[in-house]
Amino acid sequence: MEEKSLNFIEEIIEEDLKAGKYKTIVTRFPPEPNGYLHMGHATSICLNFGLSKKFGGYTNLRFDDTNPVTEETEYVESIKDDVRWLGFEWKNELYASDYFDTLYGFAVKLINKGLAYVDDNSADVMAKEKGTPTEPGVDSKFRSRSIKENLQLFEEMKAAKYKDGERVLRAKIDMSHVNMLMRDPVMYRIKHAHHHRTGDAWCIYPLYDFAHGQSDSIEEVTHSICTLEFVPHRELYDWFIEKLEIFPSKQYEFARRNLSYTVMSKRKLLQLVNEKHVNGWDDPRMPTISGYRRRGYTPESIRDFCDRVGIAKRDNVSDLSLLEACVREDLNKKALRRMVVMEPLKIVITNYVSSESSVVSGGEMLEIDDNPTDDKNDARKVPFSKELYIEQEDFMENPPKKFFRLFPGGMVRLKGAYIIKCDEVVKDAAGNITELRCSYIPGSHSGNDTSGIKVKGTIHWVSIPHAATAELRLYDRLFKVEDPQSEEGDFKDYINPDSLQIITAYMEPSLKDAQPNTSYQFIRKGYFYLDKESTKEKLVFNRTVTLKDSFKSPL
RNA sequence: UGUCCCAUAGUAUAAAGGUAGUACGACAGAUUUUGAUUCUGUUUGUCGAGGUUCGAAUCCUCGUGGGACAACCA
């Protein structure tokens, strides 16, 4: 068996295990519940859960809920749904807020060690004293407070004696440290805000740097994996763990996953939602997991995508076409084939007379495969009649060379039915084509063709008297440019105004019973999936992705 | 004019000092009752300059380019 090469994190883990550093590895997926999960999170989820699965161990789901003003239970629920949907099971469901007591104790410990102090300065003053990346900062005048005074003030902060912003607790490290994060970072701030889980029990909340690593340590996370922007935090992460003398979790960073023709930061996605450029977090155009789910992507295809893309430490923008290739590959195996006409052109088969044994009025029932790539050979019945719709684009009055479809005097096969010939083009007074009059070749019945005629093209069709209708939502890329965030100006200037097109289509009647959570391939058109807004009376389908189309229109 | 991270086909990712490979894309052809699928083939790459070495994508130095860092966000 061929061994797949390891990525750099897998290599680290393998070495750690070989060296006996850990008996078993523990990872965690630590979202802040302040938005919906997107494809970047999917990468992180696949990585973290994949690692513990591969090397033995487990993964916790931990909500990094240390900022009560941005976090909501709605987000917690959606995050859990998304992780489950992707196919992963966490060992423990945990919250940073579970550790507020412990964290408070850690802070007291540092004060007692003379490694933390209460600062009364305003945020402005502190920012000024902090210096810049090239200039050292200066010590706060409160830096030398006694341990006793710090202890008392910190307790008073907790006891709601002060207003927001009046005081903070800072680590005492080094105001001229080359790493800005080591210049006495704030550990606790006062926020008289309602927390989604702890309610009003607290009015001081730890900041990321005094919560994340500590939570990792409490859970004995062995490999704490995050994205590259946290590289400068690692030094502080290690400092707190060392001074607190707690379990030495280790942080490793990889490059955030970007996708072409979209944006991938919660802040930007939130803007798209709030400013109504899309219809909510699960709008099928969004790169959110819930958006992809609603659009008809499968968890398998997203996992496959994450797998194929891999991880590394350099900035990247993955090709949307790879994601699309992944869904197509998965859906090609699973999707039921159906015929749907999106831009109808009426044809009348002048010489067609329904057989006497016909089970449908004015026509006959034909049996057509559900999925030719499948050896189950399931099929459904499709009514055929004298009046049909075909796609407008499947007919050209003056066809170029290599046009395999219908044209005056030309022949095509109707999928699963007969070969027809176009005899006459009917136009209205304005010269628009309103109808085609065709004749069928009697011996050309699908499956037992005795006509001896070979045609180059096969097109799909729908019987007009039997057709059902549905709304089709056709999605295109959300942005006009590959990497909207690296363009000049506001990323929203690059929104694709045509990212959603809504049409009414004519469907073969079997689709009246279309099921939710089922992918259909509308033959020659793409993969479709019932939307959550669909009803019995009005069917609504989302186009998951088009079929690959190598037909080059000569125009 | 600081510190840190990064640099391999168009994109993404391998090659742990020893033949630069894979996937997607693009292009061409075969098959096809979906111009789909499937199959075959083609295309394109180690940021630059030095150094170490029998041998460098890999190690070192200096450049160049991109990114991160000055929130009481995460």
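Values below: every heavy atom of this structure, side chains too, minus hydrogens, waters and symmetry copies. Order of the sequence lines fixes the chain letters, A, B, ..., with proteins taken first and strands second; residue numbering starts at 1 for each chain.
The closest side-chain heavy-atom distance from A/Phe403 to A/Lys456 is not below 4.5 Å. Counting only heavy atoms from C-beta outward, the side chains of A/His41 and A/Asp82 never approach each other to under 4.5 Å. Using a 4.5 Å heavy-atom cutoff, the side chains of A/Arg189 and A/Asn67 are in contact. Taking the side chain as every heavy atom from C-beta outward, A/Ile420 and A/Leu388 never approach each other to under 4.5 Å.
Atom C1' of nucleotide B/U37 and atom CG of A/Asp375 are separated by 14 Å, given to the nearest angstrom. Rounded to an integer number of Å, the gap from CD1 of A/Ile9 to C1' of B/A14 is 16 Å. Residue A/Lys313 contributes atom NZ, which lies 12 Å from atom C1' of B/A68 at whole-angstrom precision. Here B/A23 presents its C1' atom at 16 Å from CG of A/Asn7, a figure rounded to the nearest Å. Look at NZ on A/Lys18: it is 13 Å from P on B/A16, rounded to the nearest Å. For the pair A/Glu482 CD and B/G25 P, the computed distance is 15 Å after rounding to whole Å. A straight line from NZ of A/Lys415 to C1' of B/U32 spans 10 Å, rounded to a whole angstrom. Rounded to whole Å, atom P of B/U11 lies 20 Å from atom CE of A/Met39.
Taking the six-membered ring for Trp and the full ring otherwise, the centers of A/Phe100 and A/His195 sit less than 6.0 Å from each other. Checked against a 6.0 Å centroid threshold, the rings of A/Tyr252 and A/Phe8 do not count as neighbours.
Counting any heavy atom pair closer than 4.0 Å across all strands shown, A/Val317 reaches sugar-phosphate atoms only and no base atom. Across all strands, A/Ser550 comes closer than 4.0 Å only to sugar-phosphate atoms, never to a base (heavy-atom distances). Base engagement by A/Gly447 is indicated by at least one non-hydrogen atom pair under 4.0 Å involving a base atom. Heavy atoms of A/Gln521 sit under 4.0 angstrom from at least one base atom. Across all strands, A/Gly457 comes closer than 4.0 Å to no nucleic acid atom at all (heavy-atom distances).
Both A/Ser321 and A/Ile311 lie close to RNA chain B; mapped to their nearest nucleotides by heavy-atom distance, the more 5′-ward contact belongs to A/Ile311. Each of A/Leu323 and A/Asp449 was matched to the nucleotide of RNA chain B holding its nearest heavy atom; the match closer to the 5' end belongs to A/Leu323.
Residue A/His445 forms a ring-ring contact (aromatic ring centres under 6.0 Å, His included) with just one option from A/Phe384, A/Tyr418, A/Tyr352, and that option is A/Tyr418.
Comparing B/U43 with B/U22, their C1' atoms are spaced 16 Å from each other, to the whole Å. Nucleotides B/A30 and B/A36 are separated by 16 Å at their C1' atoms, to the nearest Å. B/G10 and B/C27 are spaced 16 Å apart, taking the P atom of each and rounding to whole Å. Taking atom C1' in both B/G66 and B/C47, the straight-line distance is 11 Å, to the nearest Å. Taking the C1' atom of each, B/U1 and B/A57 are spaced 31 Å apart, rounded to whole Å. Nucleotides B/G18 and B/A12 have their C1' atoms positioned 26 Å apart, rounded to a whole Å. Comparing the same atom, P, in B/G50 and in B/A16 gives a spacing of 26 Å after rounding to whole Å. B/C73 and B/A14 have their P atoms separated by 36 Å, with the value rounded to a whole Å.
The side-chain tip of A/Lys191 does not point at the ring of A/Tyr205 from less than 6.0 angstrom away and within 45° of straight on. A cation-pi arrangement is present between A/Lys158 and A/Trp202 under the rule of less than 6.0 angstrom and at most 45 degrees off the ring axis. Geometric assessment of A/Arg524 against the ring of A/Phe551 yields a negative cation-pi assignment under the 6.0 Å and 45° thresholds.
An OP1 or OP2 oxygen of B/U13 is reached within less than 4.0 angstrom by no side-chain nitrogen or oxygen of A/Arg308.
Residue A/Val231 has its side chain nearest to B/C5 when only B/C5, B/G66, B/G2 are considered.
Pairs of Watson-Crick or G-U wobble type, with distances under 3.5 Å, assemble into runs of 3 or more in RNA chain B at these ranges: B:2-7 with B:64-69, B:10-13 with B:21-24, B:26-30 with B:38-42, B:47-51 with B:59-63.
For B/G35, the base has no donor-acceptor partner in the side chain of A/Arg524 [N/O atoms by modelled type, under 3.5 angstrom]. At a cut-off of 3.5 angstrom, counting only N and O atoms as typed in the model, there is no donor on one side facing an acceptor on the other between the side-chain of A/Thr458 and the base of B/U34. Side-chain atoms of A/Arg337 and base atoms of B/U34 include a donor and an acceptor less than 3.5 Å apart.
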Heavy-atom contacts, protein to nucleotides 69-74 of chain B, under 4.0 Å, summarised as B (base), S (sugar-phosphate only) or - (none) per nt, yield SB-BSB

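A salt bridge links A/Arg338 with A/Asp370: at least one charged nitrogen is closer than 4.0 Å to a carboxylate oxygen. For the pair A/Glu300 and A/Lys334, the salt-bridge criterion is met [side-chain N within less than 4.0 Å of a carboxylate O].
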